[in-house]
Undergrad: 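Handing you a structure now.
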Amino acid sequence: MDAEFLTRGLLYLSLAVFGVPGNCAVISAFLLALHRKGHLLPADAIVLHLASTNLLVVGVRCVLETLATFHIANVFNDAGCKGVIFVYRTSRALSIWLTFVLSGYQCLSIAPPGSRWATARSLFAQYLWVVFLAVWVINVSISGPSAVFSVGAKNDTKLMENSINVQFCFVSFPSAYAKDANGAAQTVRDVVPMSLMTTASFIILVFLYRHSRQVKGLRSGAGGGGGGGGGGASAERRAAITVVTLVTLYVLMYGVDNGLWVYTLTVKQTLSSALLSDLRIFFSSLFAAISPVVIIVSNKKVKKHLQCGGEEKAAGPETTVSTV
């Protein structure tokens, strides 16, 4: 095995080692909470859904790539390529859209009671299943063509025309127009939620900053006494750090992913090496492997279940914005 293949296998293995247990821990914590309480808060339901899609990203793509690279098991025949690419691209896109949904819901959560945005938040929570269904329909529809045109890697010169090399598979489009149209659809599918997610997160940060200034002003007016706002300030800082961390991770990792994807589409001849595709998959899967750490560190409910595994202690009311 040459050095390039060995490095490739070790990178995918590292993503699987961190991503699979981390996402399983988050999923088990929320399922345990659901079993004990009989329901989940809307934000918790979104995070549970997000962790499930991230588990699919690292479980289906990284684990299978690792097994094939080290010649342990290879499922990448024509049928296997269609299944793996469809599940991976759908779950990858769902991860982006669900993070946007989470950011949007939290943005509505800071609306003052009685406002139109507070009403929208209630409707959002009530019809969350409709939001999930719409997100699934959008992403399954766009991921379909790539799966249909996927085939196992063969020594065929036709695969070098209008195709995308993803190492063990080729996504072979019937024409350059089909390749460009599918690529444009996938780019728009990623860029739209990322832009909206960034906007929602910026609104949350502005609100937290202004609220923090107001709290400091009240304390100064009261002569600096009283520490009753300490817990709220801490929750605000925790929420702000969580939002900034998630958005930064998305912009960096999926930004690189989409940049490489656009470059791949501009190359007329199919690349003989799968290096660019491997880099794209690595960066998008890296978020799926790291995001459980962000969730575990920032979510008190998840930490509580993971640390003690016992009955939940009575706690004060939780702020929705800190449940990222």
Side-chain angles (χ1 to χ4, degrees), residues 5 8-9 12 15-16 19-20 23 52-98 133 135-190 254 257-258 260-262 264-265 267 269-285 288:
F5 245 59
R8 180 181 187 276
Y12 280 124
L15 292 177
V20 173
N23 284 293
S52 300
T53 57
N54 285 337
L55 179 61
L56 283 176
V57 170
V58 293
V60 171
R61 192 73 201 222
C62 297
V63 172
L64 293 179
E65 289 278 355
T66 301
L67 295 177
T69 300
F70 290 113
H71 306 292
I72 299 173
N74 191 341
V75 300
F76 294 103
N77 52 24
D78 287 354
C81 285
K82 293 179 188 298
V84 170
I85 289 178
F86 176 75
V87 173
Y88 166 72
R89 293 202 174 184
T90 301
S91 55
R92 171 195 170 280
L94 284 171
S95 179
I96 300 176
W97 277 83
L98 288 170
L133 179 61
V135 168
W136 270 92
V137 169
I138 291 172
N139 290 290
V140 167
S141 300
I142 297 178
S143 299
S146 295
V148 171
F149 299 130
S150 297
V151 294
K154 307 180 183 71
N155 293 324
D156 189 344
T157 56
K158 291 183 178 180
L159 292 179
M160 302 305 291
E161 300 177 3
N162 306 318
S163 300
I164 298 173
N165 183 355
V166 286
Q167 190 60 50
F168 297 111
C169 305
F170 278 84
V171 183
S172 182
F173 293 96
S175 65
Y177 174 78
K179 177 183 176 181
D180 293 341
N182 182 261
Q186 292 195 40
T187 302
V188 171
R189 176 182 66 177
D190 291 352
Y254 282 99
D257 178 6
N258 279 283
L260 293 174
W261 172 245
V262 172
T264 302
L265 295 175
V267 178
Q269 185 70 18
T270 301
L271 298 174
S272 58
S273 171
L275 178 60
L276 288 182
S277 295
D278 282 336
L279 288 174
R280 288 182 47 239
I281 296 171
F282 174 79
F283 278 105
S284 58
S285 301

Undergrad: For Thr69 versus Glu65, what's the shortest heavy-atom pair and its separation?
TA: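 Looking at all heavy atoms of both residues, the closest pair is OG1-O, 2.7 Å.
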Undergrad: Short question: side chain of Thr187, backbone of Gly183 - any donor-acceptor pair under 3.5 Å?
TA: yes
Undergrad: Measuring from atom CZ of Phe173 to atom OG of Ser146, what distance do you get when rounded to the nearest 0.5 angstrom?
TA: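 Those atoms lie 4.5 Å apart.
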Undergrad: Report yes if the side chains of Arg61 and Ile85 come closer than 4.5 Å at any heavy-atom pair, otherwise no.
TA: yes
Undergrad: So, Gln186 and Asp190: side-chain donor and acceptor under 3.5 Å apart, yes or no?
TA: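 Side-chain D/A pair, Gln186 to Asp190: absent.
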Undergrad: When rounded to the nearest 0.5 angstrom, what distance separates CG in Leu56 from OG in Ser91?
TA: 5.0 Å
Undergrad: Minimum heavy-atom separation for Pro145 and Asn182, please, with both atom names.
TA: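 Nearest pair, atom of Pro145 first, then Asn182: CB-ND2, 3.5 Å.
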Undergrad: Taking C-beta and beyond as the side chain, do Trp136 and Thr90 meet within less than 4.5 Å on heavy atoms?
TA: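 SC-SC contact between Trp136 and Thr90 confirmed.
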Undergrad: Would you say that Leu64 contacts Tyr12 through its side chain, given a criterion of any heavy-atom pair below 4.5 Å between the two side chains?
TA: no
Undergrad: Do you know the tightest heavy-atom contact between Ser150 and Val171?
TA: OG-CG2, 3.8 Å
Undergrad: Of the non-hydrogen atoms in Val57 and Ser285, which two are nearest, and what is the gap between them?
TA: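 Smallest interatomic distance, heavy atoms only, reads CG1-OG, 3.7 Å.
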Undergrad: What heavy-atom pair brings Ile281 and Tyr88 nearest, and what distance separates the two atoms?
TA: CA-OH, 3.5 Å
Undergrad: Using the rule given for side-chain hydrogen bond (donor to acceptor under 3.5 Å, both in side chains), can you reason through Arg92 versus Ser143, listing the C-alpha separation, both sets of side-chain angles and the distance that settles it, and then say yes or no?
TA: CA-CA 10 Å; Arg92 171 195 170 280; Ser143 299; over 6 Å; no
Undergrad: Just so I know, are the side chains of Leu55 and Val20 near enough to count as touching, which here means a heavy-atom distance under 4.5 Å?
TA: yes
Undergrad: Within the structure provided, determine whether Val140 and Phe86 are in side-chain contact (heavy-atom separation under 4.5 Å).
TA: yes
Undergrad: Of all the heavy-atom pairs spanning Cys81 and Phe168, show the shortest one and how long it is.
TA: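 The answer is SG-O, 3.8 Å.
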Undergrad: Calculate, to the nearest 0.5 Å, the distance between atoms CG and CZ belonging to Asn139 and Arg189 respectively.
TA: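 Spacing of CG (Asn139) from CZ (Arg189) equals 5.0 Å.
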Undergrad: Mark yes or no for whether Asp78, through its side chain, and Val151, through its backbone, hold a donor-acceptor pair below 3.5 Å.
TA: no
Undergrad: Drop me the distance from Leu94's CG to Arg89's CZ, to the nearest 0.5 angstrom.
TA: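 With rounding to 0.5 Å, CG (Leu94) is 14.0 Å from CZ (Arg89).
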Undergrad: Report yes if some heavy atom in the side chain of Ile164 is under 4.5 Å from a heavy atom in the side chain of Lys179; otherwise report no.
TA: yes
